[in-house]
2 protein chains.
Amino acid sequence: MGVTIYDLAREAGVGIGTVSRCLNNHPHVSARTRTRVLSVMKRLNYQPHAQAQRLASRRTNTISAIIPSFTNYFFVQILQGVQDVAAEVGLDLILYGVNHTDQVELYLRRSLHRGHVDGVLFFSMKLPESYVSRFHQMHLPLVLVDTYHPSFDSIRVENYEGGLLATRHLLGLGHTAIAMINASLETQPARERMAGYRHALEERGIAFRDDRVIASSMGKNDGFNREAGRESMSRLLATNNGPDPITAVFIASDVQALGALEAARSASVRVPEDIAVVSFDDIELAQHAELTTMRQPMYEMGRLAMEKLYSRMKDPGATPTLTSFLPDLVIRRSCGAVLRPAPLLHETGLYSPIPSA
Amino acid sequence: MGVTIYDLAREAGVGIGTVSRCLNNHPHVSARTRTRVLSVMKRLNYQPHAQAQRLASRRTNTISAIIPSFTNYFFVQILQGVQDVAAEVGLDLILYGVNHTDQVELYLRRSLHRGHVDGVLFFSMKLPESYVSRFHQMHLPLVLVDTYHPSFDSIRVENYEGGLLATRHLLGLGHTAIAMINASLETQPARERMAGYRHALEERGIAFRDDRVIASSMGKNDGFNREAGRESMSRLLATNNGPDPITAVFIASDVQALGALEAARSASVRVPEDIAVVSFDDIELAQHAELTTMRQPMYEMGRLAMEKLYSRMKDPGATPTLTSFLPDLVIRRSCGAVLRPAPLLHETGLYSPIPSA
DNA sequence: TGTCCGATTGGAAGCGCTTCCAAGAAGATA
DNA sequence: TATCTTCTTGGAAGCGCTTCCAATCGGACA
């Protein structure tokens, strides 16, 4: 139990320095010595001790990802991108899932713990101001994703533009009474998407109406969840019997839209015939539910985040960069813009197509 | 940069041993000394160095989870359970997502690397036999989830029973021509679920027919994915015009069922009217798609796995345990067993309810 | 007052590795 | 052959902590 470099050195008849140099592929080791040492390593089934290497080299080869509850498909796909790149470059990834707000600071502190990780990815939450200086003091690389701070590398999505494009699309289809189902306005994406929605209306001379926006922060993920979507849609439909009824909704995320579809179904409201829907994210299921949505390149964002972190770890001095992705409009069935091959036009739903007569 | 216990000791006028004892809440430190040391720690903003602690104590406080590509909702939910318990007991979780088969060994080796992690969770894949002894030699705790080996703690689901119950349910609804859409028979769950299916048929005197089982291993996750499900269902429907046509399908997972529903829809085959469907897992979306399914308690399995690993880390000598979960039948719409409140009976689909006339 | 014992305390010896410096070896050059 | 270089090599000195042993201290008890 526990072959060390001393054993190797003795066995190979060299010094420990030489052994270490072989281990780390340093130059300045003669080919003969190297092969001899390597063969002894193999024979003794040597394994370097991770902690010892780390202590001595002051590198951990590990990064942490602080991410809101990752059962959300949005984060799952980002995480997949992160994980893939981490695997490619040989870094270990410690996962810190935030379920309660107070865990944010716990995980930030833990990540800042000296000698714990070499870098941190921080997702979709506001970085507490008090940690800004701590990261700088500790010279710990930090990359922000779906959130922003001027003094760190950030990756963002143009939420405002996304809201704008989504709403314009509905306007372009002839809708003028367009509601929005939003998540908690505490979150920046929610606020930005709404700003885009508002701007699109106003540039068409349509007044923004507070009573047409339902911002729910219920449940997990600041309201970005199915139940909140269902609830919001129910409320919206319940009050939709006045003059100028709503004919379209922009929903802040696909998961909420899934809930909203359920609510519409329960209320016998047809989508898209009675109410057109455009949402945001393009999670894998959006396709299944035929949601028209603003696509965020989640997997790519995850990859890029990890890549940025990696470069930053190698070159801590570089100035912070900001990368923005413009979301893409993906047109499917829920918005009523018919772009599909004829046979499918006649379907009426997931389970039962139109009775054949 | 870098306050050490030597600094603390000097500053507090005590020895480093005493400082260390304070850090680790050892007894045999007088209250007066302890408060003095703690106040100095605070004043100097001391942070212990993680790697140094680990090297000296030979504990890493970290475990790794080797898990097939976790974009699969099944794993996401298990992982959530794992992560929650890890957070509760203060362990770090390194995530190793397996995308290619050869990564399995890579991650196993990395986990076995001395001083890297204190325990390993291994999910849903066959543990290569050559690693069995290695884990024992290294005294590295290992817990298997959704897979099994007699010499390690394991957590399983009764796949055979699940297949049996699912198929019996369909038989109970009057179906006799029941197909199965399966994933790769290389995987144990697929084989077991099929064995249950087969037994259920045979105990009713219905012959098991090879041509009624479609086992696809296409795509990710050994065929446990939407595309494979879609493909299989299409194939099934294409050949379903002989005598004794199929009226029901047992599908090996919910994700496949989602794809199968899409295929049915494209082919204008109604579910459940023309073909009844029962699947397996009860991922969150099964509810949305109204799938009748065999529920696996995924979150709980994740929690339990982590709990088992934690106890094993504390008591390495205990004999391996095996915990089995019996999946529950959750009846929803897709099987045609109508158990829902009247208003919903009249819906015809996700988007468009029955035209009101 | 003297003894004894448990409660505290200090600090040396590691944990296993990387790194650096000095020194030896082997060519290269004149 | 003498003198430089340039490669190689050995191993001491850390990295910052835990742990153990020996030493000290302070009462309790006779």
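Since the model is a prediction, treat every value here as computed from it, not as a measurement.
For the residue pair Y310(B) and E88(B), no side-chain donor N or O sits within less than 3.5 Å of a side-chain acceptor on the partner.
Each of R34(B) and Q47(A) was matched to the nucleotide of DNA chain C holding its nearest heavy atom; the match closer to the 5' end belongs to R34(B). Each of T18(B) and Y6(A) lies near DNA chain C, and the nucleotide nearest T18(B) is the one positioned closer to the 5' end. Of the two residues contacting DNA chain D, namely G17(B) and A52(B), the nearest-nucleotide position lying further toward the 5' end is that of A52(B).
The nearest whole Å value for the distance from the CD1 atom in I16(B) to the C1' atom in dT9(C) is 12 Å.
Between the side chain of D153(A) and the main chain of T321(A), a donor-acceptor pair closer than 3.5 Å is present. Distance alone, capped at 3.5 Å, is enough to place a donor-acceptor pair between the S311(A) side chain and the E307(A) backbone.
Taking a heavy-atom distance under 4.0 Å as the criterion, the stretch of DNA chain D touched by chain B extends 5' to 3' from dG16(D) to dC20(D).
Among the heavy atoms of the strands lying under 4.0 Å from R59(B) are primed sugar atoms or P, OP1, OP2 only; no base atom is included. When heavy atoms are screened at a 4.0 angstrom cut-off, S20(B) is found touching base atoms of the nucleic acid. Residue contacts for R58(B): at a heavy-atom cut-off of 4.0 Å it reaches the sugar-phosphate backbone alone, with no base atom in range.
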One pair to check against side-chain hydrogen bond (donor to acceptor under 3.5 Å, both in side chains): Q83(A) and N99(B). What are the steps and the verdict? CA-CA 10 Å; Q83(A) 145 80 44; N99(B) 293 321; over 6 Å; no
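To the nearest 0.5 Å, the span separating OG1 on T62(B) from CG on D118(B) amounts to 6.5 Å.
For the pair R134(B) and Y131(B), the distance from NZ or CZ to the six-membered ring centre is under 6.0 Å and the angle to the ring normal is within 45 degrees.
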